[in-house]
2 protein chains.
Amino acid sequence: MFSKSCEYAIKIMAFIAFKQAKSKELVGLDLISEAIDSPRAFTAKILQQLTKARLLKSTRGRTGGFFLDKSQNINLADIVKAIDGPKLFEDCLLGFDKCQDDNPCVLHYQLKKERNTLKNKLLSTDIYTIAKRVNRQKAYFKE
Amino acid sequence: MFSKSCEYAIKIMAFIAFKQAKSKELVGLDLISEAIDSPRAFTAKILQQLTKARLLKSTRGRTGGFFLDKSQNINLADIVKAIDGPKLFEDCLLGFDKCQDDNPCVLHYQLKKERNTLKNKLLSTDIYTIAKRVNRQKAYFKE
DNA sequence: CTAAATAAAGATATTAATATCCTTTTATCT
DNA sequence: AGATAAAAGGATATTAATATCTTTATTTAG
Ligand code: FES
Ligand code: FES
């Protein structure tokens, strides 16, 4: 459903939102990759992508790290689009050039409603909602 | 959502079901790969997988080809499982070892219902239903 | 029986996703 | 100012998915 990168991205955003609900301190790469149990260097790349996509803010330097702009409302669809692109929402399920009501593929009308429901759920779920769920054992720091 | 292989597989099954609704003749690799506009050799591999998974029957030799056992009821979930495995239905969306109600990830309860709806739709849609939709331009033979 | 046509199988090639490594830039601390 | 610690960026490595090529096995037509 989601790429590995996207899975990490969702975990990252959830973890940072979770952390920042408690304190305003910046969250650093090391803490993040340990918390979500992901490879450090690869996680750095995803953090870069999220920052470029303006879903995260960052500051460099000795006390640098990542943080969220609290005034910004971010939902799951934003994250998925930033990392995997819009294909989950827009592309034809069978790989045809365009997904369209006229000239539909054999799955189009079969799954249109289900896809839309999924899309709407992702659009309507913001990161602070999922941050409240941060308690999975073995990841998200046992504290 | 589905792998490229799985996309081809669904097209293959839809096309064969469509063809066999009209005539009982076997359907060959060449006809299939032209019809669904897929690379011939790769399509052959997927046909092999589908045959091994018992979703298709085949006969070799000069008049050989592929065909469906009409007494067998095949749905979309069968095809997806045969090619992509059960991960879409069973795996944790964030890549954790197991998807379980206790020890859920941050997406588990958010998307559980939507995943189930999708799964049930795939389970309840059989290939003859989608075969009726075979008319996408540029693929599935303009005839 | 032989040639032809087909699916099956195995080996290899290419491409994209995942992951690591090394260097550069930026900010802070002493 | 210089050392340190952090993110950013670029280059490379590894792995998995996609795709092709070649050979083998099977069946039928002639
Ligand atoms: S045309 Fe294939 S999903 Fe819409
Ligand atoms: S535990 Fe992650 S989807 Fe169920």
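Both backbone and side-chain heavy atoms feed into the values below; hydrogens, waters and symmetry mates do not.
For the pair B:Lys4 NZ and D:dA19 P, the computed distance is 7 Å after rounding to whole Å. The nearest whole Å value for the distance from the CG atom in A:Leu47 to the P atom in C:dA19 is 14 Å. Per the geometry, CG belonging to B:Leu29 stands 12 Å off P belonging to D:dT20, to the nearest Å. In this structure, B:Lys87 atom NZ and D:dA17 atom P are separated by 7 Å, rounded to whole Å. Look at CD1 on A:Ile36: it is 14 Å from C1' on C:dA19, rounded to the nearest Å. Rounded to an integer number of Å, the gap from CG of A:Asp30 to C1' of D:dA5 is 10 Å. If you measure from atom CD of B:Glu25 to atom C1' of D:dT28, you get 16 Å, rounded to the nearest angstrom. Note: CG (B:Leu31) to C1' (C:dA5) measures 15 Å, nearest angstrom.
Contact check, A:Tyr8 against C:dA19: a side-chain N or O comes under 4.0 Å of OP1 or OP2. At least one side-chain nitrogen or oxygen of B:Ser5 sits closer than 4.0 Å to the OP1 or OP2 atom of D:dT18. Note on B:Ser58: a side-chain N or O is less than 4.0 Å away from OP1 or OP2 of C:dA8.
For a distance-only test at 3.5 Å, the side chain of B:Gln48 qualifies as a donor-acceptor partner of the base of C:dA9. The base of C:dT6 is not paired with the side chain of B:Arg62 by any donor and acceptor separated by under 3.5 Å.
When each of A:Lys45 and A:Phe66 is assigned the nucleotide of DNA chain D with its nearest heavy atom, A:Phe66 is the one assigned upstream, toward the 5' end.
Crowding of A:Gln49 atom CD: a count of heavy atoms from other residues, nucleotides or ligands under 6.0 Å exceeding 12. Summarising the local packing, NZ of A:Lys70 is surrounded by more than 12 heavy atoms from other residues, nucleotides or ligands at distances under 6.0 Å.
Side-chain proximity of A:Lys52 to the nucleotides D:dG9, C:dT28, C:dA7 is greatest for D:dG9. Relative to the side chain of A:Arg60, the nucleotides C:dT26, C:dA8, D:dT28 differ in distance, and C:dT26 lies closest.
Using bins of under 30°, 30° to 60° and over 60° for the plane-to-plane angle, the ring pair B:Phe15/B:Tyr140 lands in the parallel bin.
Remark: the A:Thr125 side chain and the A:Asn75 side chain contain no N/O donor-acceptor pair separated by less than 3.5 Å. Side-chain contact annotation: B:Ser38 with B:Thr43, donor-acceptor N/O pair under 3.5 Å present.
A:Lys57 comes within 4.0 angstrom of nothing in the nucleic acid, heavy atoms only.
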